[in-house]
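Structure first, then comments.
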Amino acid sequence: NFDKPNAAIKLVFRGTFIHSTQKSALDILEDALLGVDTAGKIAFIGNSQELEKLSQTFGFSPSDVTQLTQHEFFMPGLVDTHIHASQYSYAGTALDMPLLQWLTTYTFPVESHFKDLEFAHRVYAQVVKRTLRNGTTTACYFATIHTDASLLLGQIANDFGQRALVGKVCMDSKNSLNYCETTPESQNETRRFIKELLDRKYPLVKPVVTPRFVLSCTKDLLGELGTIAKKTNLHIQSHISENVEEVKLVKQHFPDCKNYADIYHKYNLLTDKTVMAHGCYLSDEELSLFRETGASLSHCPNSNISLCSGVLNVRNVLKHKVKLGLGTDVAGGYSASMLDAMRRALDVSKFLTIQNPEHSTLTFEEVFRLATLGGSEALSLDDQTGNFEVGKDFDALRVNLTVPGGPIDLIQKSEPKIQLEKFMNLGDDRNIVEVFVAGRKVVPFTEPTAYNCTE
Ligand code: GUN
Ligand code: FE
């Protein structure tokens, strides 16, 4: 039973499709047919035996079907729920300090440079291209305090066809580097950023209200950002409970609040469109508040290890039914690849099992779900993306295990579940031969000359 098509079919693929559903972390469809309409949406997914019926119902020719090889499969695009686009220039360095020193020593000085739009252009074009090649079809970005550079990040994501949430960072607490705004500046520039980005009507790019974290915002600013988010019904992103020193200082600054999560809650910043990074030290009570408000967590294992910040017990988060995705947290996390985020998430979970054999280790299937459907749920985008349900946008990676010179030696043909496991553990961007966002092929891309900065 297939509904009549809303739009003409522009792509049909035949082969293996692997995705997560509400019911199952791993749903594997072998020798399946998937059609994408001209609006970029999945029009049908069916069995190849239904080819004739499908081609008649949807009006495509069987000769237009693209056949995957036996070493290929499609999986949903990867969702990076937390990445600092502005920190990409020093990713892979400067990981020798704990969070608060790391921010003032390395991060704030680099972010200050983004008032220079040419510099911003270079870094933002590189990070969008790199994450797309790595298979990140949706990214939830922090930019910097600079409105025009943040708008530029939105423009670049749109030009390359990446689905993106973009945040102009808000911070009005004084720091020794003077990388901050006044309270009215931060409020007014946030309003300008939201208005100008929305006015551009980019189909896949949306603004996010972005208080950096409690320690860089005054109560007045937190209150106003909560009000703005409520009025505009926009997404909210920030950091929470990442590092022991940070949690201690937050308690000192907000003695009236019950706990860290309660501070954001008090200022209307915990909503069903909020994503908070880290959460290593959240109590069960705080996790329950996340669950009640619908707020989600972004698990950033590379960053948590690299800055010696903490360990998130994902099993406990899932037990509390809090929405959860994975994030690279570049440059606290050194890798801009969600494959790395998946591997680190598995490592951290295995480490918890080493410490406590009672701990039930995450499976690769569960981590696959977190990186795809889980991420889209965490960003409240699961009505549009995250798996191959009919009606959703076609955001997908075409994975090929046997690329020349690639990292995977296939000794024998393996079943799809093993192929996925091999790709997750051993694959890299060479294995991601095509990337689609909303039905548009965004990798390989032909580079607009404006973005071709190879120096
Ligand atoms: N907390 C506040 N700002 C930051 C940041 O830029 N990175 C990380 N990892 N944590 C933060
Ligand atoms: Fe971060």
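Computed from a prediction, not measured in an experiment: that's the story for all the values here. Atoms within a ligand are numbered from 1 in the order they appear, just like the ligands themselves.
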Step through it carefully: locate the ring centre of Phe368, locate the ring centre of His19, and say whether they are under 6.0 Å apart.
no

Aromatic ring proximity, centroids under 6.0 angstrom, Phe74 and Phe394:
yes

Among all protein heavy atoms, pick out the one at the shortest distance from atom 6 (O) of ligand 1; state its residue, atom name and that distance to 0.1 Å.
Arg212 NH2, 2.7 Å

Please state which part of Glu246 comes within less than 4.0 Å of ligand 1, counting heavy atoms only: side chain, backbone, both or neither.
neither

A student checking ligand 1 against Asp329 at a 4.0 Å heavy-atom cut-off should list atoms 8 (C), 9 (N)

Have a look at ligand 1 and work out which part of Trp102, if any, has a heavy atom under 4.0 Å from it: side chain, backbone, both or neither.
side chain

Asn400 side chain to Thr402 side chain, donor-acceptor N/O pair below 3.5 angstrom
yes

Per residue His239, nearest N, O or S atom to the Fe ion (ligand 2) is named NE2

Side chain to side chain contact (heavy atoms under 4.5 Å, CB included), paired with Met338, selected from Leu326, Asn134, Val79, Thr372
Leu326

Parallel, tilted or perpendicular: which fits the ring planes of His239 and Phe213, with parallel below 30° and perpendicular above 60°?
perpendicular

Can you find an N or O of Glu242 that's nearer than 3.5 Å to an N or O of ligand 1?
yes

Leu215, portion touching ligand 1 at heavy-atom distance under 4.0 Å:
neither

Determine whether the side chains of Gln22 and Glu389 contain a donor N or O and an acceptor N or O closer than 3.5 Å.
no

Strictly under 2.8 Å, is any N, O or S atom of His84 next to the Fe ion (ligand 2)?
yes

Atoms in ligand 1 flagged as close to His278, the criterion being non-hydrogen separation under 4.0 Å:
9 (N)

Just which atoms of ligand 1 are under 4.0 Å from any heavy atom in Leu99?
8 (C), 10 (N), 11 (C)

Can Asp272 and Lys323 be counted as an ion pair, charged N to O under 4.0 angstrom?
no

Please check if the number of heavy atoms outside Gln252 that lie under 6.0 Å from its CD is greater than 12.
yes

Can you tell me, to 10 degrees, how wide the angle at the Fe ion (ligand 2) is between NE2 on His82 and OD1 on Asp329?
90°

